[in-house]
Every structure is written in structure tokens, then in C-alpha cells.
There are 2 protein chains.
Amino acid sequence: MTDLLPPIQTTARDDAVLKALAGFVRQEALGPGEKLPTERILAERLKVSRNTVREALTRWEGLGLVERRQGSGTYLKAAVSPDMLHMPLTLAGGNDFAGLMATLEIRRALEAEAAALCAIRAGKAELAEIERKLDLMEEAFQTRDGMSSEEDWEFHQAVFRASGNPLFEQIIAAMYEMFHRFWEHPLGVRDFGHASFPYHRTIFNCIAAHDPEGARAEALKLIATVEDDLKRGAANLKLSDRR
Amino acid sequence: MTDLLPPIQTTARDDAVLKALAGFVRQEALGPGEKLPTERILAERLKVSRNTVREALTRWEGLGLVERRQGSGTYLKAAVSPDMLHMPLTLAGGNDFAGLMATLEIRRALEAEAAALCAIRAGKAELAEIERKLDLMEEAFQTRDGMSSEEDWEFHQAVFRASGNPLFEQIIAAMYEMFHRFWEHPLGVRDFGHASFPYHRTIFNCIAAHDPEGARAEALKLIATVEDDLKRGAANLKLSDRR
DNA sequence: GTGGTTCAATGGTCCAACCAATTTCTGCAC
DNA sequence: GTGCAGAAATTGGTTGGACCATTGAACCAC
């Protein structure tokens with residue numbers, strides 16, 4: 001009794017605009033940073049109102065695909081293709097401890113899996129890149145006494161990228177803003193992140209040895225230390241209510 | 001209706017509109033499904049043009065926070081708060097086999113973690129809800145000879161929801177469209193999904209017994225069967241180029 | 001009740017301006 | 001020719017008003 005009667009679609013102009021624009025971008029082989037036609041031109045060419053064009057572009061802007069600069073133009077921020085899948089995530093109350101723990105749980109799941117996949121799939125080039133990031137991070141850690149969040153992040157990004165699955169990097173990158181917001185205000189925990197330091201190299205060693213389960217285990221240990229730091233920070237935070 | 005919604009002041013109008021609207025939603029304690037003021041009312045109250053209101057609402061619609069129904073009104077689809085964090089993801093080329101495998105790897109990571117967390121955190125009410133979905137699914141499986149994708153999905157949703165971390169459900173729900181697209185055209189694999197059937201109950205048993213590692217292991221087995229079905233389907237697909 | 005009809009409300013689209021930020025061009029001083 | 005300030009053009013942002021398409025409720029005949 002499956003009544004497969006999908007609703008018919010009579011009007012979908014702004015969607016049509018986006019589809020046309022996606023086709024245009026593909027045909028012109030436009031990449032990130034390049035400028036696309038002005039709203040007035042698009043409206044004229046597509047035979048729709050400028051308002052409709054603007055609504056369509058607003059959608060893309062909200063999805064982070066495009067950046068508008070008043071007086072200058074509209075620029076691509078990411079690669080687009082006609083058959084993209086959009087996953088807008090919203091995390092309510094992202095500023096507090098609970099929200100941070102929630103993202104950390106996601107990160108634990110993804111980081112462990114990515115490390116394991118990376119151990120299986122990473123080739124020589126990827127391994128070299130990861131090791132380069134690792135060296136940079138360790139150097140920064142020594143010279144700046146533990147302040148290596150930027151390099152730390154780049155190491156993890158390299159691992160995600162070498163997992164062979166672009167989704168890992170994308171999801172984590174989307175959550176980066178939240179982590180970053182936090183890393184700059186370590187809740188009074190002076191040595192935040194120090195405990196996680198040694199595990200970066202143990203993870204790399206397992207990956208280089210093509211030991212998926214080892215890499216997974218080390219990644220889990222790393223996240224556990226971050227979780228621990230976070231809980232210590234939460235205790236410090238109990239008294240001061242920030243914003 | 002109360003006369004909240006004070007006029008907007010500065011530039012960055014549409015952003016200000018969203019902030020004001022978020023505040024309004026919070027003060028009125030509006031929940032999902034409830035209707036919010038019409039565009040014309042908002043424009044008048046906030047002292048901005050209706051177009052500006054529309055651009056703001058278009059943003060929220062693109063983020064899946066709101067649903068517009070022509071002739072009816074604009075309705076909340078999710079809880080909103082003034083300090084939300086948005087993480088829009090876009091994945092290119094989601095239609096092909098590689099894209100499907102990529103999402104499945106994400107699902108493996110999240111499903112295993114969520115099952116484990118669920119085994120730790122699920123209370124009596126959550127357990128009962130999961131078991132209800134499980135019963136529905138098993139019944140549908142028997143009576144419709146394996147066609148239980150809808151109920152199957154609801155079971156997994158219940159598990160994610162009981163994990164205590166809303167991000168799991170959100171990420172997976174965002175990927176649902178891709179899975180669903182596929183489930184309706186099982187690539188010629190007649191008994192697609194059959195192999196995964198028994199693991200639903202074993203997962204539930206582990207969750208009910210508060211056995212995190214057991215639940216994780218069973219979830220991994222389930223995903224493995226789906227992966228296997230998918231690979232069989234890919235072989236069938238080699239010859240026919242769809243769409 | 002069932003099935004149409006009417007009608008007001010609401011989102012969707014369009015137009016024609018104007019504003020604000022940016023870029024580009026122009027012309028003068030040197 | 002060079003450099004730079006100011007004018008002009010370009011472009012996204014906003015406004016107000018108009019009309020269309022869909023929805024849903026009230027109403028009416030049967």
C-alpha cells in the first residue's frame with residue numbers, strides 16, 4: 001500500500017536559479033575565489049527578477065558556498081556541483097560546556113574511525129605530509145611552551161584528509177569554529193592540551209605501521225585527555241557565568 | 001499577540017532580523033511546528049522592508065530551521081536560540097557509489113559511538129521507545145517480506161536520540177536523504193537490507209543490558225552487512241549508467 | 001455529510017527606484 | 001610620466017508597492 005505520489009512542483013524558481021547557476025559554474029570551470037556574474041546580469045539572463053536571484057544567492061551564502069561583497073561582487077567560496085547534498089547542522093547553545101562536550105563526542109567517533117582508515121589507506125605522500133605537520137607541531141610546542149593549537153589542528157586535518165573520505169574533513173572543519181572559540185579561552189586550565197601532546201606521535205606511528213586498531217586506540221586516548229581537560233575547565237567555570 | 005519585536009537599528013539588517021526573531025521565539029517559548037508571525041507583520045514591527053524579512057527567513061529556511069508554506073504561513077521546524085552554532089555541510093557528487101560508501105563510513109563511525117553511548121545513558125523511557133520501534137520494524141519486516149526501510153530508519157533514529165547528544169541525530173538525519181534515495185532503488189539487489197535485520201535486536205539487547213562495547217560491536221556488524229549489500233549492488237550497476 | 005464556491009490571508013515573484021560600499025576612471029599638480 | 005584626490009560607475013543592500021498562486025476557512029447548495 002505504498003502510495004508513492006510525490007507532490008508535484010509547479011513553482012520553484014529560486015531552486016531553478018541555483019540549478020542553472022551550478023551548471024554555469026561547472027561549464028565555466030569556476031573555482032573558489034572566482035567572481036560570478038552580478039545579480040543584475042543573472043536576473044536579466046535567467047529572465048527572473050533580481051529579488052529571486054537574491055533569494056537564491058542568499059541560500060548559497062547561508063550554506064557557505066558563496067561570499068557577497070557589497071560594491072565588489074559575489075565570489076565562490078567552495079566548489080559547487082549540480083548534485084550536491086547539503087547538511088545544515090545547528091547546535092543550540094553552542095557556547096556552553098554541554099555543547100562543547102557534544103561536539104567532542106562527535107569528534108571522538110570520527111577521529112578514531114579516520115585514524116583507522118588512514119592507517120589502511122595512507123600512501124607514501126600522505127604519510128610524509130602528516131609527518132611534516134607533526135614535526136611542525138612538535139617544534140611549535142617546544143618553542144612556544146604548549147601553545148600549538150594551530151599546528152595541532154593542521155595535524156588532525158592532514159590525518160582526516162589522508163583517510164580517503166572527504167566527509168571526515170568537512171564535518172570536522174565545520175565544527176572547528178566551536179573548538180577554536182574554546183581553545184582561545186581555555187577556561188583557566190593553564191596547561192590545556194598538554195596531556196594530548198604525546199599521542200599525536202603515537203597515532204602517527206600506528207598509521208605509518210599500517211596498524212588500524214592501534215591508531216584507533218591512540219586516537220581514543222588523545223580524545224580522552226581532551227575530555228579530561230574539558231571537565232577540569234568546567235569545574236573552574238562553575239563560579240563565573242560567561243555571557 | 002504581545003507587542004514584542006522592537007524596531008531594528010543598525011546595518012546588517014537581515015542578521016539583526018534573525019537575532020530579533022530568535023529572541024522573540026525564545027520569549028514566546030515557541031516550539032517546533034508552531035507558526036510564527038507573517039512576513040508582513042514582521043516587516044511592520046521591525047520597521048524593515050518585507051524583502052529584508054524574506055532574506056532573513058530564506059537563510060533560516062536554508063538552514064532547515066523553518067518551513068514556509070505558501071498561503072499558510074511560516075512554521076518552526078527546529079528549536080532555535082540566539083546563540084546557535086551553524087555548521088552547513090555540502091558534499092559534492094553524492095549520487096554515485098563512491099559518495100554512498102563515503103557516507104556509510106561516516107555512518108559506521110557515528111552509529112557505533114551512538115550505540116555505545118546509548119547503552120550507557122538510555123533510561124527506561126528511551127529503552128521503551130527503542131523497543132517499540134524495534135517491534136514495529138520486525139512486524140513490518142514479516143508482513144511486507146523485508147520491505148521495512150521506513151521502520152528500520154525510525155529504529156536507528158530512536159537510538160541516536162537516546163544517545164543524549166542531538167548532534168548524532170542531526171548529522172545522520174542530514175544524510176538520510178542520500179540513503180533514502182538509494183533505498184528506493186536497491187541496485188537490483190532483491191534482498192537488500194535483509195542481512196542487517198537480526199542485528200537490530202542484538203543491538204537493542206546490548207543497549208538494554210547497558211553493555212556499551214557489545215552495542216558498539218553489534219552496530220559495526222550491522223553496518224558491515226549494509227556495506228556488503230552495497231558492494232554487491234555496485235557490481236550489478238557496472239553496466240547501467242543511471243540518470 | 002459531500003462537494004463546490006467565495007474570499008481573505010499568506011508566501012512567491014516582480015518592478016523601479018534609491019542607499020552604501022567598493023572599484024575604476026579622470027584630471028590636476030608636480 | 002607619476003601620484004593622488006575626487007568624481008563616476010559598478011555592485012550588493014534596502015525599500016515600497018504591486019500582483020500572482022496557494023491555502024484554508026466560511027458558506028452554500030444538494
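Here the structure is a predicted model, which means the values were calculated and not measured. Every chain is numbered from 1 and lettered A, B, ... according to where its sequence line falls, protein lines coming before strand lines.
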Please produce a list of atom pairs where a protein N or O lies less than 3.5 Å from an N or O of nucleotides 14-17 of chain C.
{"residue": "C:dC14", "atom": "OP1", "partner": "A:Arg13", "partner atom": "NE", "Å": "3.0"}
{"residue": "C:dC14", "atom": "OP1", "partner": "A:Arg13", "partner atom": "NH2", "Å": "3.0"}
{"residue": "C:dC14", "atom": "OP2", "partner": "A:Ser49", "partner atom": "N", "Å": "3.0"}
{"residue": "C:dC14", "atom": "OP2", "partner": "A:Thr52", "partner atom": "OG1", "Å": "2.4"}
{"residue": "C:dC14", "atom": "N4", "partner": "A:Asn51", "partner atom": "ND2", "Å": "3.0"}
{"residue": "C:dC15", "atom": "N4", "partner": "A:Asn51", "partner atom": "ND2", "Å": "2.8"}

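- Both A:Gly71 and B:Glu61 lie near DNA chain C, and the one whose nearest nucleotide falls closer to the 5' end is B:Glu61.
- Comparing atom distances between the B:Glu39 side chain and each of C:dG11, D:dG13, D:dG24 picks out C:dG11 as nearest.
- Remark: the backbone N or O of A:Val159 is not paired with any side-chain donor or acceptor of A:Lys133 at under 3.5 angstrom.
- Within the 4.0 Å cut-off from OP1 or OP2 of D:dT10, not a single side-chain nitrogen or oxygen of A:Ser72 is found.
- B:Lys35 places its NZ atom 14 Å from the P atom of D:dT23, with the value rounded to the nearest Å.
- Separating the OH atom of A:Tyr75 from the C1' atom of D:dT10 is a distance of 11 Å, rounded to the nearest angstrom.
- Residue A:Arg68 has no polar side-chain atom (N or O) positioned under 4.0 Å from OP1 or OP2 of D:dT11.
- The only option from A:Arg68, A:Lys77, A:Arg69 that meets the salt bridge (charged side-chain N to carboxylate O under 4.0 Å, His left out) definition with A:Glu61 turns out to be A:Arg68.
- Taking 4.0 Å as the cut-off between side-chain N and carboxylate O, B:Glu227 and B:Arg108 count as a salt-bridged pair.
- Atom pair A:Gln70:CD and D:dA9:P shows a separation of 19 Å (rounding to whole Å applied).
- The aromatic rings of B:Phe197 and B:Phe141 sit parallel to each other, their planes meeting at less than 30°, with 60° as the upper class boundary.
- In this structure, the side chains of B:Glu105 and A:Leu167 stay at 4.5 Å or more apart for every pair of heavy atoms.
- B:Glu126 contributes a side-chain N or O that, together with a main-chain N or O of B:Gly123, makes up a donor-acceptor pair within less than 3.5 Å.
- Inter-residue side-chain proximity for B:Leu117 and B:Phe168 is flagged as met; some heavy-atom pair is nearer than 4.5 Å.
- Taking atom CZ of B:Arg54 as the reference point, atom P of D:dC20 lies 17 Å away to the nearest angstrom.
- When the P atom of C:dT13 is taken as reference, atom CG of B:Leu57 falls 14 Å away, rounded to whole Å.
- The distance between atom CD of B:Glu67 and atom C1' of C:dG11, rounded to the nearest whole Å, is 12 Å.
- The distance from atom CZ of B:Arg69 to atom C1' of D:dT22 is 12 Å, rounded to the nearest whole Å.
- Rounding to whole angstrom units, CG of residue A:Asp15 and P of C:dG11 are separated by 19 Å.
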